[in-house]
Amino acid sequence: MTEGTTTTAAEGGDTLTRLEQEGEIAADYLEGLLDIADLDGDIDMDVEADRAAVSIVSDSGRDLQKLVGRDGEVLEALQELTRLAVHRETGDRSRLMLDIAGFRAKKREELAALGAQAAADVKESGEPMELAPMTPFERKVVHDAVAAAGLRSESEGEEPQRFVVVLPA
């Protein structure tokens with residue numbers, strides 16, 4: 001039994017090491033990007049929910065807004081490019097999450113509130129509720145908030161018009 005525990009702990013350590021390596025590769029890539037774009041920003045790395053999480057922060061977040069874009073479109077593209085850079089170095093698919101100037105953290109709070117409110121409305125009405133189309137990140141946050149409220153939700157439709165349906169208990 002001790003051997004199995006050791007193996008599990010070693011696997012967890014290997015996973016943490018791999019995710020930290022992803023964060024380091026992503027940070028190097030993003031630092032190069034910031035230099036090319038002549039933008040000031042600091043890179044923060046972490047591991048959250050079995051993913052590498054990298055954030056670009058700055059005292060003057062105005063400059064970084066260019067990297068967020070309208071409704072986070074540029075941020076999404078930069079995240080995919082960063083994931084590709086990690087894949088190129090490691091050979092493994094990355095689920096890295098990128099945040100710039102706190103955009104994704106703020107969006108997560110807003111979406112969690114939306115999911116909780118939708119769950120409350122569905123509990124009250126007893127009827128399913130369809131939400132507006134969302135990105136995969138946005139849908140995940142809403143699904144988690146709905147589950148925390150004790151209800152189920154599903155994603156329906158085809159990208160980019162895929163949306164969440166909150167279902168009554």
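Values in this document were obtained by computation on a predicted structure and should not be read as measured data.
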Asks: Any side chain to side chain donor-acceptor pair (under 3.5 Å) pairs touching residues 114-123, not counting sequence neighbours?
Replies: Gln117-Asp121

Asks: Answer yes or no: is there a donor N or O on one side and an acceptor on the other, between the side chain of Asp46 and the main chain of Ala52, under 3.5 Å?
Replies: no

Asks: Determine yes or no for a side-chain-to-main-chain donor-acceptor pair under 3.5 angstrom, with Gln79 supplying the side chain and Leu98 the backbone.
Replies: yes

Asks: On a heavy-atom basis, which atom in Leu19 and which in Asp50 lie closest, and how many Å separate them?
Replies: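 Taking Leu19 first and Asp50 second, the nearest heavy atoms are CD1-C, 3.7 Å.
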
Asks: Among Lys107, Arg83, Arg104, which one satisfies salt bridge (charged side-chain N to carboxylate O under 4.0 Å, His left out) with Glu76?
Replies: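 Exactly one option meets the salt bridge (charged side-chain N to carboxylate O under 4.0 Å, His left out) with Glu76, and it is Arg104.
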
Asks: Remaining members of Ile25's ILVMFWY cluster at a side-chain heavy-atom cut-off under 4.5 Å?
Replies: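 Once heavy-atom contacts under 4.5 Å are chained together, Ile25 belongs with Val86.
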
Asks: Is it true that, when you exclude Asp40 itself, more than 12 heavy atoms of the residues, nucleotides or ligands shown sit nearer than 6.0 Å to its CG?
Replies: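 Incorrect, the count does not exceed 12.
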
Asks: Less than 4.0 Å between a side-chain N and a carboxylate O, is that true for Arg162 and Glu156?
Replies: no

Asks: Evaluate the side chain to side chain contact (heavy atoms under 4.5 Å, CB included) criterion for residues Leu34 and Leu30: first the C-alpha distance (whole Å), next the side-chain angles of each, then the deciding distance (0.1 Å), finally the verdict.
Replies: CA-CA 6 Å; Leu34 289 172; Leu30 292 165; 5.5 Å; no

Asks: With sequence neighbours excluded, what pairs up with Arg108 under the side-chain contact (heavy atoms from CB on, under 4.5 Å) test?
Replies: Met97, Phe137, Val141

Asks: Between the side chains of Gln65 and Arg70, is a donor N or O closer than 3.5 angstrom to an acceptor N or O?
Replies: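 Side chains of Gln65 and Arg70: no pair found under 3.5 Å.
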
Asks: Under 4.5 Å side-chain heavy-atom separation, chaining through any Ile, Leu, Val, Met, Phe, Trp or Tyr, what else clusters with Ile36? Say none if it is isolated.
Replies: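 Via sub-4.5 Å side-chain contacts, Ile36 links to none.
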
Asks: Does any N or O in the side chain of Arg152 come within less than 3.5 Å of the main-chain N or O of Val166, such that one atom is a donor and the other an acceptor?
Replies: no

Asks: Please determine whether residues Leu64 and Leu81 belong to a single hydrophobic cluster, defined as Ile, Leu, Val, Met, Phe, Trp and Tyr linked transitively by side-chain heavy-atom distances below 4.5 Å.
Replies: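 Linked, Leu64 and Leu81 end up in one cluster.
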
Asks: Tell me every residue that passes side-chain contact (heavy atoms from CB on, under 4.5 Å) with Glu31, counting only those two or more places apart in sequence or in another chain.
Replies: Asp28, Ile43

Asks: Output yes when a side-chain donor or acceptor of Arg139 lies under 3.5 Å from a complementary backbone atom of Val164, and no otherwise.
Replies: no

Asks: Which other residues belong to the hydrophobic cluster containing Phe163, where Ile, Leu, Val, Met, Phe, Trp and Tyr are joined when side-chain heavy atoms lie under 4.5 Å apart, directly or via other members?
Replies: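 For the cluster that includes Phe163, the remaining residues are Val165, Leu167.
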
Asks: Taking the side chain as every heavy atom from C-beta outward, state whether Leu16 and Glu20 have any pair of such atoms under 4.5 Å apart.
Replies: yes

Asks: Is there a donor-acceptor contact under 3.5 Å linking the side chains of His87 and Ser94?
Replies: no

